[in-house]
Number of protein chains: 2
Amino acid sequence: MKRRPPRADPYHQLREAIVSGQLHPNERLVEAAIAERIGAGRTAVRAALVRLDQEGLVQLERNRGARVRHISDGEAMEIEEVRAVLEGMLARRAADRITADGLRELRHVMTQMREHVEAGDSIGYSELNATFHQVIWTAAGHPTASNLVGGLKSQGIRFQYQTALRPGRAERSLREHEAIFGALKAHDGDAAEAAMREHLAEVLDTLRWAIDSQHRTGRWLPG
Amino acid sequence: MKRRPPRADPYHQLREAIVSGQLHPNERLVEAAIAERIGAGRTAVRAALVRLDQEGLVQLERNRGARVRHISDGEAMEIEEVRAVLEGMLARRAADRITADGLRELRHVMTQMREHVEAGDSIGYSELNATFHQVIWTAAGHPTASNLVGGLKSQGIRFQYQTALRPGRAERSLREHEAIFGALKAHDGDAAEAAMREHLAEVLDTLRWAIDSQHRTGRWLPG
DNA sequence: ATCCTCAATAATGTCGACAATTCGCCACGG
DNA sequence: CCGTGGCGAATTGTCGACATTATTGAGGAT
């Protein structure tokens, strides 16, 4: 009866469950339960929790176990601010270094994005969005900065606040991405950084809207 | 000043040993040996190594153990670039938010820095330097960014490359810090960010010099 | 001399057991 | 009614033992 998925890296599995929202903020993570759930030993789960704690996705208190870290409204905005600064820098570098292949890949992602927007598929769009940015990170050739932004909990934020629900956001976002693409294609570093900053300023604004929205519709937990 | 209670925590002890250069890049870290050395169990050491791996200070290879991660020349420069961007942002925020107490503390640190420079104590100066920047991070009130820059391996870089050995660097650094202080005192965000960026650009330049210097004096390990 | 095999060694990865700690619950007393 | 103190279950922290995996070195064949 023990159905055990044999190959399961607890770290990646837990991480995915957290950023995708399957595990809710402040939810308790009991080692034994997780071990059973994903078919791994308690040792491996423990190691994964330590990593996630260091990464900031999980809060680890001595003798008290682990919880999914709750990201406050303020912290969510802080994260987006940092992301704006770092991605701005990456966009600038990418403008200088992006290859024809990179541009082709970006173009491909963007056509897909357009399709998903027209189909009203905001989830698929969100994933493509992530891909778009990742392509830019790769083109920038700056592993240190890429790892930092990649490690940011910004994916979880999108889920926690449902920023995609803002009316008209997708279309606008699409235009912003087109602007970024244009600057990269022209190898114009200044323009690329500016476009990226503007894009992420819009994201930050949408985040503010989502926070307000949550407050208006009534929440019990303070930010 | 932080009073450090005798810290038996393997994580902090290892971290300190690495950034201070007591453990050399690529040096192997054998769990049992470390456990013996600092009087802890292998379990605790293991957890510490996982954290340090996630942090980037240690390289952990499956079934092959842990090594002190070697920071290549290119990566060292990448780290300083990221630091410049983030600390620039923090300086801007700090200019708006710094209190009279914060300014007083900065002034105090600076007078000490002057004394150490005149006494030719570059090690003490380096520590004060770190303090100076930390005060600014605190004043900025931006935990997310502060934790990121704090987690950067930039402390270790100073040791690895001996950037303080460059002739005249200390005096120049002192003047740069004074410029930053002036901007903060005037609550001028633009000026603060600019001064901080300029300062860190100089640091980056010194780093380039140190790398060149190492290459000229002959090294066997490629960057 | 060089390459290959294979045992010996050393270190890591994993598991189970047990001690230590926290937390919920309930009886008790003011 | 409310605070208080102490069981008891649940959970984490730690240790030792053992399996697994890399590495080293000697010896032999070509």
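Note that this is a predicted model, so its numbers are computed, not measured. We name chains A, B, ... by the order of the sequence lines, and we start the count at 1 in each one.
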Shortest non-hydrogen contact between B:Tyr161 and B:Ala76, atoms and distance: CE1-CB, 3.7 Å

Rounded interatomic separation in angstrom, taking CZ from A:Arg64 and P from C:dG24: 10 Å

Atom pair distance, as rounded to whole Å: CZ in B:Arg62 and C1' in D:dA19: 13 Å

Whole angstrom value for the distance that separates P of C:dT22 from CD of A:Glu31: 15 Å

Verdict with supporting geometry, B:Glu27 and B:Arg67, salt bridge (charged side-chain N to carboxylate O under 4.0 Å, His left out): CA-CA 5 Å; B:Glu27 181 170 345; B:Arg67 302 175 166 277; over 6 Å; no

Nucleotide nearest B:Val30 when distance is taken to its side chain, options C:dA11, C:dG13, D:dG13: C:dA11

Within residues 41-50 of chain A: residues closer than 4.0 Å to DNA chain C (heavy atoms): A:Gly41, A:Arg42, A:Thr43

Cationic N near anionic O, under 4.0 Å, B:Glu55 to B:Arg15: yes

Nearest-nucleotide comparison on DNA chain D, the residue closer to the 5′ end among B:Asn63 and A:Gly65: A:Gly65

Distance in angstrom units between B:Asp53 CG and C:dT12 C1', rounded: 14 Å

Closest non-hydrogen atom pair between A:Ile136 and A:Ala91, with its separation: CG2-CA, 4.2 Å

Between P of C:dA11 and CD of B:Glu61, the distance in whole Å: 16 Å

NZ/NE/NH1/NH2 to OD/OE distance under 4.0 Å, B:Arg69 and B:Glu75: yes

Ring geometry between B:Phe132 and B:His177 (parallel below 30°, tilted from 30 to 60°, perpendicular above 60°): perpendicular

Atom-to-atom span, CD of B:Glu36 to P of C:dA11 - whole angstrom: 13 Å

